[in-house]
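Numbered from 1 within each chain, the chains take letters A, B, ... in sequence-line order.
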Amino acid sequence: MPHSILKLFFVVFLALPLVSQASELRLLVDMLHENGMVSEEQYGRLLAELEQNQQQSAKEKQEIAEKLELATQPPEVEVTTKGGLRVRTTDGEFETRLRGRLMIDAADYMGKPEMGDGTNIRRARLAWTGRMYKDWGFQLDYDFADGGKLRDSFVSYLGFEDTRLRMGLMEIPFQLQYRSSSSNSQLIERSLLGAFGGDRYIGVMADTKKQHWTAAAGLFGETATRQNPIVDEGWGVGARFTVAPINNEKDRLLHFGIASMYRNVEDVGVIEFSDEPEARVAGNNIVDTGDIDNTKSFTRYGLEWAMIRGRLSAQSEYVLTTVDRNNAENLQFSGWHFQTGFFLTDDSLNYERGDFGSPSPNKRLGDGGIGAWELTLRYSSLDLNDKLIDGGEIQNITYGVNWYPVPMLRFSANYIDVLNVTGGDNHGKEQRIFLVRSQWAF
Amino acid sequence: MPHSILKLFFVVFLALPLVSQASELRLLVDMLHENGMVSEEQYGRLLAELEQNQQQSAKEKQEIAEKLELATQPPEVEVTTKGGLRVRTTDGEFETRLRGRLMIDAADYMGKPEMGDGTNIRRARLAWTGRMYKDWGFQLDYDFADGGKLRDSFVSYLGFEDTRLRMGLMEIPFQLQYRSSSSNSQLIERSLLGAFGGDRYIGVMADTKKQHWTAAAGLFGETATRQNPIVDEGWGVGARFTVAPINNEKDRLLHFGIASMYRNVEDVGVIEFSDEPEARVAGNNIVDTGDIDNTKSFTRYGLEWAMIRGRLSAQSEYVLTTVDRNNAENLQFSGWHFQTGFFLTDDSLNYERGDFGSPSPNKRLGDGGIGAWELTLRYSSLDLNDKLIDGGEIQNITYGVNWYPVPMLRFSANYIDVLNVTGGDNHGKEQRIFLVRSQWAF
Amino acid sequence: MPHSILKLFFVVFLALPLVSQASELRLLVDMLHENGMVSEEQYGRLLAELEQNQQQSAKEKQEIAEKLELATQPPEVEVTTKGGLRVRTTDGEFETRLRGRLMIDAADYMGKPEMGDGTNIRRARLAWTGRMYKDWGFQLDYDFADGGKLRDSFVSYLGFEDTRLRMGLMEIPFQLQYRSSSSNSQLIERSLLGAFGGDRYIGVMADTKKQHWTAAAGLFGETATRQNPIVDEGWGVGARFTVAPINNEKDRLLHFGIASMYRNVEDVGVIEFSDEPEARVAGNNIVDTGDIDNTKSFTRYGLEWAMIRGRLSAQSEYVLTTVDRNNAENLQFSGWHFQTGFFLTDDSLNYERGDFGSPSPNKRLGDGGIGAWELTLRYSSLDLNDKLIDGGEIQNITYGVNWYPVPMLRFSANYIDVLNVTGGDNHGKEQRIFLVRSQWAF
C-alpha cells in the first residue's frame, strides 16, 4: 500500500504555504502606475480585481489540498491475502487472520504385519487467530480430518516484549519435532518419538523467544473434552529451554535444547505408550505397551540438537520416559532419532526461534526456477520393553524427498523401512511403506 | 473511513465553477490598450495568448477536479475488524461477518456426589452471518467443542422494520437467561432452570424488538439431525413477550416478561428433565427424572423480571413445566432463580432489546483503567419430584466475580455451593465446585 | 472499483507537460519593454519575479500531480462480498474465497413403509477456496450437517488453459446430476440414480472444460478417513465426456454425455447399493441390496442428455452397473430418470460447461419482480433385483416447484409419489412424501 509513503509526503509538502502566484503581476501594475501608464482609478480597479482573484485562487488551492489530504489518508484496515487472509487495523490494535492446512496421503504397505494400503486426509485445518486491543490475542484452530478435533485454541496476553502468556488448549513444550508445525516436518511424519510427545492439554503457559534462546514453561490440566465424569483428570507441568549460539544468518544454525515434563494421572491410574510406523494411513500400532495400570505419574526428559549449514541440516533428539506406579514396578522407556536433509537446489531450512518454519524456495517454479528440492533421511529407535511390559522395540530408517514448487505448497515421498521389531505383538516382523503426501499450508 | 465526509465535501465544493484567474490581467491589457500603451496588433496577440492560456488553465483544473473526484469516491466495500471480521457493501445490499467464541473452563469438585476435577473447552464457536440483497439474511453457526454441533443456522427476511422472520435452526423464545448469549451470562453457567430451556429446533419464528417491548412467536419441528427413522419427530409452538417500561438510559432498566411453550412428543412418547450443578466440566447430572414414558406433550410457563440501576443489576425467573401423559398421571415440575450483580468499577450491565448484551468496560486495561469488575450472586432452586417421579429437588447458591479487562474478553470465577438435594439418586448429598473460565467472544 | 479506469486516465493525462500559464504575462511585459513603457531595471525585476513564480508554480503543479497519482493507484487487493467473501490481489497471483451453503428440510411421510416425519439440516457447508502464486489452487470444504464430513478438498494446478489438474478428495466424474452442485438440483433431492453415484474419493483428476465439450478422467483411491486397518482399500478409475453442440446462447442448449467408472474392491470384498425415496429426512432406505459378498469389482456405464429451450428444460440419464464376483454369479443393476422443468417467469436454467449452475432470476423480488418460479417433474426408476439379490425395484414420480426470490436463495416444495416397489423388504408398499426446503448457497 502506498499510504505510509503518502503520509510522509504530506508532512513534508502540504505544510508549504500556498503562495499566490500573482506577485509578478502586482509588480507590473505597480510599475505601470509608478510610470504613470495607468490612472489612479484604473490602478484602484486593478488592485481590487487582483485582490479578489488572489483570494479566490488561494481558496481553490486550499480546497484541492484538503481534498488531496483526505484522498490520501491511510486506510483504517489493511487486507492482505497470500493463501490465507489477514485483516489488520493500521493502528495495530486489531488483527484477524484465517490460516489453513490440507495434507493428502496415500500409502502402500509391504511386508508384515499386514496393514491396509489406502488414502487418507491426514489434516484439514482451519485456524482463526488474531489480536484484540493490541495486547490480547485469540486463536481457534480445528482439524476437520478423521471426525474432527480442536487444536491449539486459546486466549493470550501479548503485552510483554518477546514473551507470550497463553491460557487454553495447547501442546506441551516438549520435543523439537512437535514444537515445529506438522506442515514443516522434514520427513512426512514425525519420528517414532511420537510415542512420547505431541500431547495437547488445557493449561497456562509462558513462552519467551529470543534470537539466541527460548524458554517455555506451563501448567496443564486435561484435554479439551469431557472425560470420565467421576474420575479426576490428570494434570502436569512442563518446561523447555533452548539455546542457539549460532543464529545470525539465515543458513547457519547451531541449536541445543533440554525439556522435561511431569504428569500426574493418579486418579485415572492407567497410561499407554504406542506408535505406528512412520505413516498414518492404515492406523495400526506396531509397538504398544497396552494399558499400564497402577500408574501414579510419568516423567519425560528430552535432549535435542540441530544444525543448519547452507543446504545441509541435521537434528537429533533423545527422550527418556519414567513411569511411577503404586504397588507395581516403576518403568523406563526411551527412544531417539537422527535426521538429516540436503537441498539439491540453492535453499536451506528455515529456523525460527526454537523451531523450524516452512522452507521458502529461492526460485519458484513458474518464476525461472524449479522450486526447492530436498533429500532427507532419518533413523529412529524406540524401546517400549521394560520388566513385565512387552510393548516392543523398533528401529526404522526413512528415506525421503521433498519438493516445494512455491511457498506454502509441498509434495513429499517417503520410503519407510522397519529394520527390526523385538518383542511385542509384532516381534520379528519387517515392514516397508511407500508414502506420498500433497500439502498446502499457510 | 473518511469517505462519507468526502462525498459531502464534493457535493458542496466541486460544484463551484472553475473561475479563470486571469481577469485582472485582461483588465490590465484592456486598460493599456485603451490608454494607447500597446498597439492594435500587440493587443490582438495578447488577447489570443490570454484566451489560449485560459482554456489550457480551465482544462487543467477540470482534470484535477475529475481525478480528485475519482480518487475520493467511497469504496464499494467496507472492511472492519474488531476481533471478528465484517465486510459490507457501502450500498447496504450485502454484508458478511465472521464471529467467534471460545470458553476455557477448569473445575475442582468437592463433596458428594463424586465428580471428576478437570478442564474443558466449553464452547468453541465460529459463526458466519450476513445479508444478501438487502432484505435477506443468512447464518451458519457451529460449535466445535465436544464433538461439534450446529447452533443457530437459518435464512431470514429482514425487509420489515424491527421485525425479523427466520426459518431454520434456532432456540425457542423462552427464558431471559437463554435469550441472552452464553457469552453474557452473569454467572459462568446459566441457572438450574436450564432443565427447562435452551432447546434448539428447526422452525419458523417472527421476532419484533422495540425499545420498550419485544415479542417473539414460532412454530418448531425437531433438531438439526436425523432422529429415529420410523418415529415421527416432535413439534411445538412457543411465544415470549417482554416489556421494558424503564429503558431510556444505558444504566436504568426495568424489564418484565412472560413466555410459554408447548411441545408434542406423542410419537416419541418419552421425555426427560435433568440438570448438572451449575458447572459443565465433569458431566454428571445431579438431578434427573429419567425417562418419563407415556408422554403426550409438555407445556412450560415462564415469568421473568430484571432491573439495572447504575452498577447494580438483578433478575429473577420462574418456570413451571406440566407433562401431559397417556394412561399415566400428569406431572408438574418447577424451578426459579434470583441473581444479582454489582460492578466495583464504574460500569453497568448492557441491556439490549429483550436480552442482555456484553458489558463493555468504561476504562479498558492498558488505557488508563483496570477494565470492569463485577461481583455476582445467584440462588437457584429446581424441583424434579412429582408423584412417582423421583428426580430430586435441589437448591444451590453461586458466588462469582467477573473481570472484563477489555471488551470481548472475560475472566470469571464461581464458587457453587449445593445447599441441599432432596430425593433422587443424590439425596442428601452436598457438593461444592470451584469453577473458572477464560473467554473471548465477538 | 474505479481504479482501473483511473489508471487509464493517468496514462493519458498525467503525461501532459505542466504548461506554465504565465506566457501571456511574459508577452505583455516584453511588449511594454519593447514599447519603452518600463525601464531596463524594471524589466529585469519583472523577468526575475516572473521566473521565480513560474518555477514555484511548476513545482506546485508537480506536487499535486504526484499526490494525485499516488492517491489513485489501484489497491493491491480487491475485496468483494455477495453472500460469500472474495479477496484477491489485483495482480491475479492470489485469491481467497469463502463459500457457504445451508439447506433446511422438513418432510411429511405418508403411506408405507412407515417413516418418521420431521426436520433436518440437510447441508451446512463452509468452503475455503483460492489461488496461490497464480498457477496453484487450494480448497477445503466441510459439511457440518449430521456429524460433519469433508467434501471436495484438494490442491490443484491451474497453469493450463481450460484444464485443471486436481489431487485430493473429490467426486468421481459420473452422472450429470452429481456433476451439478446439490444447490442447483432441479428437484430437491437427486433422483434414485443416487444409488449409483456421488462417491467421493482421494485421487488425481484432469478436467477440461470448453464451450462445446468437456472431458474428465481420474484415478482414485479411497475415502478421506481411515478404513479397516488391515485391509487394502479399494481403488478405481473413471472418465466422462460431454458435448454440447448447441451452446451459444444462454437459453439454448443441447447436451450429451457418456461416462464410465471401474472400481476394484477385491480386498474389502463387499459392496452394497441402496437408496432412500427422493427425500433425506427420515433416513431409511426403500430399496437395498444388502452386502453383496465375494465382490471383486464393479463397473458403471452412464448415458446422459439435456436440453434448454427458453423457459423449458429437460434431462435424462441412464446408468448400468455390473458387479464382478469371485465364486459367485456376476450381477447387473440399472436405473434411469427423466426430468423436466418450466419457468413461469421469464427465466431459464443456467448451463455451465458440462453441468448446471444456479438459476439467477431476471427480475428480483424487491426490485420490480417476483423472482424466478419454476415447475418441475421427474420420473425415476431403479432396479436392484438380479439373480439371488433381492434389493427391490422402484419407480417414483416427483412433482415440484422452485422459487428463487433473489440469486443465492431458494425455496422448494416437492411431492414424491412412490408408484411401485417390486421385491425387497418393502415389496408392494407405496409411499408419498411432502418435502420442503429453504436454502441459501453462494
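In this structure, B:Asn35 contributes its side chain and A:Met37 its backbone to a donor-acceptor pair below 3.5 Å. Not a single donor-acceptor pair under 3.5 Å links the side chain of A:Trp128 to the backbone N or O of B:Arg99. A:Thr96 places a side-chain N or O within 3.5 Å of a backbone atom of B:Gly83 that can act as its donor or acceptor partner. Side-chain N or O atoms of B:Asp117 include none that pairs as donor or acceptor with a backbone N or O of A:Asp232 at under 3.5 Å.
Atom CD1 of B:Ile104 sits about 8.0 Å away from atom CE of A:Met170, to the nearest 0.5 Å.
Within the 4.5 angstrom heavy-atom criterion, only backbone atoms of B:Arg125 (N, CA, C, O) approach chain A. Both the backbone and the side chain of B:Pro407 have a heavy atom closer than 4.5 Å to some heavy atom of chain A.
Using a 30° and 60° split on the angle between ring planes, B:Phe144 and A:Tyr142 fall in the tilted class, from 30° to 60°. By the 30° and 60° cut-offs, the orientation of the rings of A:Phe138 relative to B:Phe442 is perpendicular.
A:Glu49 pairs with exactly one of B:Leu25, B:Leu27, B:Leu28 by the side-chain contact (heavy atoms from CB on, under 4.5 Å) rule, that one being B:Leu27.
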**Prompt:** Please walk me through it: do B:Thr119 and A:Glu233 pass side-chain contact (heavy atoms from CB on, under 4.5 Å)?
**Reply:** CA-CA 8 Å; B:Thr119 53; A:Glu233 299 175 2; 3.7 Å; yes
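Ion pair A:Glu60/B:Lys61 flagged as a salt bridge, since at least one NZ, NE, NH1 or NH2 atom sits closer than 4.0 Å to an Asp/Glu carboxylate oxygen.
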